[in-house]
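Notes follow the structure.
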Amino acid sequence: MEFSNLKTHISEGILTLTISRPEKLNALNQQTMDELNSCFDWIYSNSEIKGVIITGEGEKAFVAGADISEFLQMNGEIGRELSQKGQDLFFKIENCPKPVIAAVNGFALGGGCELALACHIRIASENAIFAQPEINLGIIPGYGGTQRLTSLIGKGRAIELMLTSDKIDAATAFSMGLANHIYSLSDLLLKCKELMRKIIEKPPVAISMVINAANNAGSAEGYPIEVKNFSKCTGTEDFREGVTAFLEKRKGVFIGK
Ligand code: COA
């Protein structure tokens with residue numbers, strides 16, 4: 001697909017999705033948000049794509065936040081619409097049945113940190129910087145950040161970050177569980193692809209059922225959803241194949257059904 005502010009490249013079933021407004025440190029303006037929305041519709045429906053890696057263009061930023069230059073026209077009503085639209089998009093990313101890795105290659109600020117939080121896994125480069133600096137503009141994270149950051153790193157740490165706007169480096173993000181791994185900038189995409197290759201070898205229905213169940217962790221429905229998803233897996237041909245392959249001491253070959 002062709003976009004103005006996104007670059008897409010598919011190789012070995014892995015879509016590398018690069019947010020590309022380097023002159024604005026890849027800030028998410030409305031056009032980029034709309035393009036991300038269309039791109040994820042395409043990701044959902046394209047059977048060639050087995051997993052997605054999201055990164056930012058250049059060596060400085062993943063995404064430096066929502067585009068602040070679009071903020072001056074905002075009022076209460078426009079603010080509500082903007083936040084709802086951002087939440088809907090980031091839910092679409094979080095609920096994607098295919099694994100989504102954020103390759104955080106620099107600043108992940110505000111909406112950029114929220115985008116990383118909506119991905120299933122975050123991998124940071126050594127120069128990555130995370131922050132929720134919205135408070136400095138008199139607003140709060142509005143694309144799901146207050147919820148996802150809190151559930152990922154705990155309420156005390158999340159509230160401190162959101163109230164101070166403190167920037168944290170990759171090592172601190174790693175120690176808080178915000179980043180799963182840290183690599184040099186030159187190795188980042190390579191390592192993300194290596195991890196993605198390992199994941200997408202697994203049975204696709206089970207992959208999507210893990211994501212769905214984990215997305216519901218902490219809600220009252222989480223445990224019943226686990227039962228439903230386990231049951232769905234046991235109805236697949238891939239389940240038969242996985243068990244048979246184990247018993248026959250060979251590697252399973254999965255078809256996604
Ligand atoms: N929205 C719009 N434009 C942004 C932006 C954002 N969130 N973040 C950076 N940019 C633009 C800058 O305005 C600048 O554009 P210009 O060259 O036309 O003036 C360009 O990107 C480069 O940024 P600059 O500030 O010159 O780089 P820097 O290295 O001095 O600082 C940051 C980098 C990330 C620390 C700084 O740009 C920043 O604080 N950005 C805003 C982060 C933020 O508050 N995000 C949350 C928004 S809710």
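Every heavy atom of this structure was used, including side-chain atoms; hydrogens, water molecules and symmetry mates were not.
- In terms of modelled atom types and a separation under 3.5 Å, the side chain of Asp238 and the main chain of Pro203 share no donor-acceptor contact.
- Lys24 contributes atom NZ, which lies 6.5 Å from atom OG of Ser69 (distance to the nearest 0.5 angstrom).
- We find the SG-CG distance between Cys39 and Asn5 to be 12.0 Å, quoted to the nearest 0.5 Å.
- The number of heavy-atom neighbours closer than 6.0 Å to NZ of Lys167, taken from other residues, nucleotides and ligands shown, is 12 or below.
- A pairwise comparison of heavy atoms in Asn229 and Met209 identifies ND2-O, 3.1 Å as the closest pair.
- The line from CG of Leu189 to CD of Glu194 is 12.5 Å long, rounded to the nearest 0.5 Å.
- Transitive grouping of hydrophobic side chains (ILVMFWY, heavy atoms separated by less than 4.5 Å) brings Leu115 and Leu152 into a common cluster.
- Proximity of a side-chain donor or acceptor of Ser20 to a complementary backbone N or O of Leu6 within less than 3.5 Å is not detected.
- Few gaps surround CD on Gln30; more than 12 heavy atoms of other groups in view lie less than 6.0 Å from it.
- Within the structure, salt bridge (Lys or Arg N to Asp or Glu O under 4.0 Å) pairs that include any residue of residues 246-257 comprise Glu201-Lys251, Glu241-Arg250, Glu248-Arg250 (at least two apart or interchain).
- Counting heavy atoms of neighbouring residues, nucleotides and ligands inside a 6.0 Å radius, atom OH of Tyr223 does not exceed 12 of them.
- A salt bridge links Glu57 with Lys7: at least one charged nitrogen is closer than 4.0 Å to a carboxylate oxygen.
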Intermediate values then yes/no, side chain to side chain contact (heavy atoms under 4.5 Å, CB included), Met162 and Thr146: CA-CA 8 Å; Met162 291 187 283; Thr146 60; 3.9 Å; yes
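- Using a 4.0 Å cut-off between a side-chain N of Lys or Arg and a carboxylate O of Asp or Glu, Lys193 and Glu12 do not qualify as a salt bridge.
- Atom CD of Gln87 has more than 12 heavy atoms from other residues, nucleotides or ligands within 6.0 Å.
- Checking side-chain atoms of Asn127 against main-chain N and O of Lys60 turns up no donor-acceptor pair under 3.5 Å.
- The closest donor-acceptor contact from the side chain of Ser38 to the backbone of Asp34 lies under 3.5 Å.
- For the pair Val104/Ile123, no side-chain contact is recorded, criterion being any heavy-atom separation below 4.5 Å from C-beta on.
- A donor-acceptor pair is defined here as one N or O able to donate and one able to accept, closer than 3.5 Å; such a pair exists between the side chain of Lys98 and the backbone of Ile43.
- Between Ile207 and Pro99 the shortest heavy-atom distance is CG2-CD, 3.7 Å.
- Separation of atoms NE2 (His181) and CD1 (Ile121) is listed at 7.0 Å; rounding is to 0.5 Å.
- Leu17 places none of its side-chain heavy atoms less than 4.5 Å from the side chain of Ile53.
- When all heavy atoms of Ser83 and Gly142 are compared, the closest pair comes out as OG-O, 2.7 Å.
- Within the 4.5 Å cutoff, the side chain of Gln132 has no heavy atoms near those of the Leu109 side chain.
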Tyr143 and Leu82: CA distance, side-chain angles, deciding distance, side chain to side chain contact (heavy atoms under 4.5 Å, CB included) verdict: CA-CA 9 Å; Tyr143 298 165; Leu82 181 84; 3.7 Å; yes
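- In this structure, Thr55 contributes its side chain and Ala103 its backbone to a donor-acceptor pair below 3.5 Å.
- Between Leu28 and Leu36, some side-chain heavy-atom pair lies under the 4.5 Å cut-off.
- Judged by distance alone, with hydrogens and angles left aside, the side-chain atoms of Arg122 form a donor-acceptor pair with the main-chain N or O of Leu178 at under 3.5 Å.
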Residue pair Val100, Ile211: steps toward the side chain to side chain contact (heavy atoms under 4.5 Å, CB included) verdict: CA-CA 10 Å; Val100 183; Ile211 292 170; over 6 Å; no
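- Linking Ile, Leu, Val, Met, Phe, Trp and Tyr whenever their side-chain heavy atoms come within less than 4.5 Å puts Leu137 and Met74 in one cluster.
- Between Asn37 and Met33 the shortest side-chain heavy-atom distance does not fall below 4.5 Å.
- Environment of CD in Glu2: sparse, with no more than 12 heavy atoms of neighbouring residues, nucleotides or ligands closer than 6.0 Å.
- Put simply, the side chain of Trp42 reaches to within 4.5 Å of the side chain of Thr8, judged on heavy atoms.
- Following chains of ILVMFWY side-chain contacts shorter than 4.5 Å, one can reach Tyr183 starting from Ile101, so the two form part of one hydrophobic cluster.
- With values rounded to the nearest 0.5 angstrom, Glu59 atom CD is found 9.0 Å from Ser186 atom OG.
- Annotation for Ile10 and Ile49: closest pair CD1-CG1, 3.8 Å, computed over non-hydrogen atoms.
- Using a 4.5 Å cut-off on side-chain heavy atoms (C-beta onward), Glu237 and Ile255 make contact.
- With hydrogens and angles left out, the side-chain atoms of Asn105 and Ser125 include no donor and acceptor closer than 3.5 Å.
- Between Asn29 and Glu35 there is no side-chain heavy-atom pair separated by less than 4.5 Å.
- Checked by atom type and distance alone, the side chain of Thr164 pairs as donor or acceptor with a backbone atom of Asp166 at under 3.5 Å.
- For Phe246, the CZ atom counts as loosely surrounded, since its 6.0 Å shell holds 12 or fewer non-hydrogen atoms of other residues, nucleotides or ligands.
- Counting only distance, with no hydrogens or angles, the side chain of Glu94 and the backbone of Asn215 share no donor-acceptor pair below 3.5 Å.
- Side-chain N or O atoms of Asn95 include one that pairs as donor or acceptor with a backbone N or O of Phe91 at under 3.5 Å.
- Taking every heavy atom of both residues into account, His120 and Ile93 meet most closely at NE2-O, 3.8 Å.
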Ile19/Ile54 under side chain to side chain contact (heavy atoms under 4.5 Å, CB included): CA gap, chis, key distance, verdict: CA-CA 8 Å; Ile19 298 175; Ile54 303 182; 4.0 Å; yes
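- Put simply, Val52 and Tyr44 are part of the same group of oily side chains (I, L, V, M, F, W, Y) that touch within less than 4.5 Å, one to the next.
- At most 12 non-hydrogen atoms from other residues, nucleotides or ligands lie less than 6.0 angstrom from CZ of Arg80.
- With a 6.0 Å radius and a threshold of 12 heavy atoms from other residues, nucleotides or ligands, Phe3 has its CZ atom above the threshold.
- For Pro22 against Asn26, the heavy-atom pair with the smallest separation is N-OD1, 3.3 Å.
- To the nearest 0.5 Å, atoms CZ (Phe62) and SG (Cys113) are separated by 9.0 Å.
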